[in-house]
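What follows is a short report on a single structure.
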Amino acid sequence: MDGAPVLPLLLLGFGVGVVSGLYGVGGGFMLTPLLNLALGVPYAVAVGSGLCQMAGTATSAYLRHRELGQGEPRVAWLMLGGSILGFHFGGSLLHELAGMGSWTVNGHTVPAVKLVLQSAYVVVLLGTGCLFFSSPRHSESGPAGPDGSSSGSTAGILQRWHLPPLVNLPAVGMRGVSIPVLGYLGLATGLLSGLLGVGGGVLLMPALIYGLGFSMRAAAATSSLALLFTVVPATFDHALAGHVDLRLALTLLAGSTLGAQLGAAATTRLSSVGLRRGFGVLILATIAVLLLDLARAVG
Amino acid sequence: MHALLYALLCVVVPVLWGAAVSRLIDRLEDWAVRRREVGSSRATRRAPEIDYHI
């Protein structure tokens with residue numbers, strides 16, 4: 001990307017980094033569409049380069065959360081196998097879409113990969129945004145674990161599926177969480193990562209909060225490590241396919257690693273409800289941008 | 001082989017970068033804490049002793 005201006009990339013990277021540190025997400029759900037819409041980066045390269053940048057941001061955010069003693073590393077380890085399978089399938093699908101050329105919709109010619117990916121983004125983000133605007137009561141009530149998370153008495157949906165083998169999560173005060181459920185969660189986040197260039201946090205965060213009853217802080221910290229385990233092999237896979245522009249990724253990274261430190265440190269100063277609502281607003285804003293662009297392309 | 005090395009570079013460089021930035025910020029915070037501690041201990045030593053046995 002010889003023509004990509006440095007300053008907008010640095011600013012974009014910084015903003016994405018703050019979101020990453022604050023919410024334990026990679027920021028790819030914002031970064032990939034913005035790289036394509038604002039800077040004209042092809043979708044496949046935006047996905048691969050975004051993942052490369054996320055590897056650095058996730059490392060920085062995870063180390064910060066570990067310093068603060070937040071999160072449950074076992075969740076990330078147990079999701080790892082599913083993540084690897086998932087991003088491999090997602091990456092293959094992206095490669096196929098990129099080779100499909102353009103489709104004609106409503107008399108307009110639109111790249112197939114753009115149409116499919118932006119529609120998929122809207123669907124995924126819509127579901128996530130709606131969850132984050134719902135009542136926060138169930139994940140804030142009940143006896144708190146060491147990290148302020150909920151215990152089994154107010155458990156989320158996923159925690160009620162007692163598919164053996166089960167595991168205890170002592171760092172967040174939970175017992176009897178299903179390992180297969182965590183594996184499938186890893187598969188889903190890996191698929192999102194390989195296909196859409198997101199770290200999987202947009203799915204993992206609501207799954208941890210509403211599915212397993214984590215507090216927002218514990219979910220953000222746990223998601224940082226799971227994110228790292230997903231984006232590192234996904235980046236490798238995309239780089240082998242020629243989808244990573246290292247210069248672009250490192251420019252984004254220069255801004256985002258500082259932003260991630262700021263965001264992670266800010267989680268200790270903000271309430272869980274405020275964090276949750278802020279995340280919901282961010283997601284809905286991204287959906288609006290994507291829908292406007294889709295409407296412009298096919299309208 | 002070239003593609004493999006490039007792919008490794010795309011993974012190793014950002015991870016090392018992220019770790020280095022995190023470490024740098026930790027050291028800056030430690031330095032700031034030490035400066036505050038040194039500043040407060042100097043202020044305590046300089047405080048005049050009050051003679052109550054005049």
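Lettering of chains follows the sequences in order, A, B, ..., and the numbering in each one begins at 1.
For chain B, no part of A249(A) is nearby; none of its heavy atoms comes within less than 4.5 Å. Contacts between L16(B) and chain A at a heavy-atom distance below 4.5 Å are absent for every atom of the residue. There is no contact between A241(A) and chain B, counting heavy-atom distances below 4.5 Å.
In terms of heavy atoms, L240(A) sits closest to A3(B) at CD2-O, 3.8 Å. When all heavy atoms are compared, the tightest approach of A19(B) to T59(A) is N-CG2, 3.7 Å. A pairwise comparison of heavy atoms in C52(A) and C10(B) identifies SG-O, 3.1 Å as the closest pair.
Distance alone, capped at 3.5 Å, places no donor-acceptor pair between the Y6(B) side chain and the G242(A) backbone.
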Kindly determine whether T57(A) and W17(B) satisfy side chain to side chain contact (heavy atoms under 4.5 Å, CB included), including the steps that lead there. CA-CA 9 Å; T57(A) 308; W17(B) 179 300; over 6 Å; no
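Per-residue heavy-atom pair counts under 4.5 Å with chain B were compared for A254(A), G48(A), S256(A), P233(A), and the maximum is reached by A254(A).
Each of L51(A), L253(A), T257(A) was scored for a side chain to side chain contact (heavy atoms under 4.5 Å, CB included) with P14(B), with one residue passing: L253(A).
The OG1 atom of T235(A) sits 12.5 Å away from the CG atom of L9(B) when rounded to the nearest 0.5 Å.
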